[in-house]
Amino acid sequence: MAMIPVDEVDFGRTSRRVSRVGLGGEGVLRTRHRLEAARSVIETALDGGLVYFDSAPAYADSEDYYGAVWKKSPQRRNGIFQASKSAQCTRDGALRDLERTFRRMGLSRLDLWQMHDVRTMEELDAMEKPGGALHAFLEAKASGLTAHIGVTGHHDPRVLTEAVARWPLDAVLLPVNPVEVLLGGFLDETASVAAHKGMAVIGMKVLGAGQHLAPDAGIGAETLIRFALSQPVTLVVVGCHSAHHVRTLASCARSFQPMDPKEQSAVLEVFRPYAKRLAFYRGPLGRS
């Protein structure tokens, strides 16, 4: 099936262009033993013109699901921006993750490899010392095993901002939703430093794992995706449970018109009383 174009944007200072929305690692991809459902979501995203595809070793069978698609139809990998991650703090541990990612996905190269969910200054310091994970990422980029490197986080914006400021990275993945605008940190600090360095800013937690949906208040997936795309981001990724969810995501990108300040204010007022509670992902809930 021919791909239906989705608007593409520059991936930061790099020469690559990516779709304005990408397939996130949550949803059906973060499951086990649901290959056919996951394959349907991935293939619908490909048919819908999405270019950016997210994954991580921590996301259950996600890398295996992608591998099933790329191994069966290797030509579909052409032009696709495949991202994955490692949550290891040591060089050797991170490189073992990368080798396993390649085996699971049936690939020999990533478009983006990210240090996953950096939470504390102690982690950050350990990763940049000799033998730390940062050196694995720099080596992987220098050797061509990955085209670009990045960092992700949704726990402490101060730590993520420090990583973005200190490390020679191409991208950062951070939470983007109304709660984050209200609380501050990730969007007004981390994203600003990243943009100043010419990095791509990728938004996640757009729907708050579904907990930010409030149909009675007029807050559906389309509203939250449009709100996220109206923030200072390069693209956003959203996990999808079904082909229908993927088509909704792609449609939001094709019809995107930025929210004006009045529209954004109206959305923020819905979330204002619940902002801290709805930022549950900032708590110690495990890597995601």
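- Checked for salt-bridge contact, Glu180 and Lys205 miss the test: no charged N lies under 4.0 Å from a carboxylate O.
- In this structure, His245 and His241 have perpendicular ring planes: the angle between them is above 60°, well past the 30° mark.
- Exactly one of Arg104, Lys71, Arg32 qualifies for a salt bridge (charged side-chain N to carboxylate O under 4.0 Å, His left out) with Asp64. That residue is Arg104.
- Side-chain contact between Arg76 and Glu43 is present, with heavy atoms from C-beta onward closer than 4.5 Å.
- Between Phe186 and His155, the shortest heavy-atom contact is CZ-N, 3.7 Å.
- Panel note: side chain Asp170, backbone Ile149; a donor-acceptor pair is recorded below 3.5 Å.
- For the residue pair Ala194 and Val201, the shortest heavy atom distance occurs at CB-CG2, 3.9 Å.
- Side-chain contact between Arg282 and Pro157 is present, with at least one heavy-atom pair separated by less than 4.5 Å.
- Heavy-atom minimum distance, Ser86 versus Asp97: OG-OD2, 2.8 Å.
- Within a 6.0 Å sphere centred on CD of Gln75, heavy atoms belonging to other residues, nucleotides or ligands number more than 12.
- For Lys141 against Ala147, the heavy-atom pair with the smallest separation is CE-O, 3.6 Å.
- From Arg34, atom CZ reaches atom CG of Asp61 across 11.5 Å, with rounding to the nearest 0.5 Å.
- With hydrogens and angles left out, the side-chain atoms of Thr31 and Tyr65 include a donor and acceptor closer than 3.5 Å.
- Here the side chains of Asn177 and Leu224 are not in contact, with every heavy-atom distance at 4.5 Å or above.
- Between Arg16 and Glu8, none of the side-chain N atoms (NZ, or NE/NH1/NH2) sits under 4.0 Å from a carboxylate O, so this pair counts as no salt bridge.
- The shortest side-chain heavy-atom distance between Arg119 and Val159 does not fall under the 4.5 Å cut-off.
- Atoms CG and CD1, from Leu249 and Ile225 in turn, are 5.0 Å apart once rounded to the nearest 0.5 Å.
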Exercise for the section: Could you check Trp70 against Ile80 for side chain to side chain contact (heavy atoms under 4.5 Å, CB included), going step by step and ending with a plain yes or no? Expected result: CA-CA 10 Å; Trp70 305 142; Ile80 293 305; 4.0 Å; yes
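- Taking each heavy atom of Val51 and Gly79 in turn, the nearest pair found is CG1-O, 3.4 Å.
- Put simply, CG on Asp188 and CD on Gln231 are 11.0 Å apart, with the number rounded to the nearest 0.5 Å.
- Counting heavy atoms from C-beta on, the side chains of Arg96 and Gln88 never come closer than 4.5 Å.
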Exercise for the section: Given side chain to side chain contact (heavy atoms under 4.5 Å, CB included), test Phe81 with His148 step by step and report yes or no. Expected result: CA-CA 10 Å; Phe81 195 97; His148 311 294; 3.9 Å; yes
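- Of the possible polar contacts, one joining the Arg13 side chain to the Lys197 backbone as a donor-acceptor pair under 3.5 Å is found.
- A salt bridge is defined here as a Lys NZ or Arg NE, NH1 or NH2 lying under 4.0 Å from an Asp or Glu carboxylate O, and Arg247 with Asp47 fails to meet this definition.
- Salt bridge absent: Arg30 and Asp54 never bring a charged side-chain N and a carboxylate O closer than 4.0 Å.
- By the 4.5 Å heavy-atom criterion applied to side chains, Val9 and Val18 are counted as neighbours.
- Two residues are said to be in side-chain contact when any heavy atoms from C-beta on lie closer than 4.5 Å; Leu174 and Leu187 meet this criterion.
- Taking OG1 from Thr234 and CG from Leu173, the interatomic distance works out to 11.0 Å, rounded to the nearest 0.5 Å.
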Practice task
Evaluate the criterion side chain to side chain contact (heavy atoms under 4.5 Å, CB included) for residue pair Arg166 and Asp125; output intermediate values, then yes/no.
Solution key: CA-CA 10 Å; Arg166 281 161 54 169; Asp125 290 339; 3.0 Å; yes
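- Side chain of His116 to main chain of Val151: no donor-acceptor pair is present (N/O by atom type, distance under 3.5 Å, no hydrogens or angles).
- Using a 3.5 Å distance cut-off with no hydrogens or angles, the side chains of Glu63 and Ser84 do pair a donor with an acceptor.
- Heavy atoms from other residues, nucleotides or ligands lying under 6.0 Å from OH of Tyr274 number 12 at most.
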Handout entry: Steps toward side chain to side chain contact (heavy atoms under 4.5 Å, CB included) verdict (Val267, Val181)
Key = CA-CA 11 Å; Val267 172; Val181 174; over 6 Å; no
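- In this structure, the side chains of Phe227 and Ile219 stay at 4.5 Å or more apart for every pair of heavy atoms.
- A salt bridge links Asp156 and Arg158; the closest N-O separation between the charged side-chain nitrogens and carboxylate oxygens is under 4.0 Å.
- A side-chain contact (heavy atoms from CB on, under 4.5 Å) with Leu229 is found for exactly one of Val236, Asp7, Val176, Val206, namely Val236.
- With rounding to the nearest 0.5 Å, the separation of CD in Glu139 from OG1 in Thr146 is 13.0 Å.
- The residue from Asp111, Leu23, Val6, Leu235 that alone fulfils the side-chain contact (heavy atoms from CB on, under 4.5 Å) condition with Tyr52 is Leu235.
- Atoms CZ and OG, on Arg226 and Ser255 in that order, are 8.5 Å from each other to the nearest 0.5 Å.
- Between Phe137 and Gln114, the shortest heavy-atom contact is CE2-C, 3.4 Å.
- The residues Glu36 and Arg39 are annotated as salt-bridged, a charged nitrogen and a carboxylate oxygen being separated by less than 4.0 angstrom.
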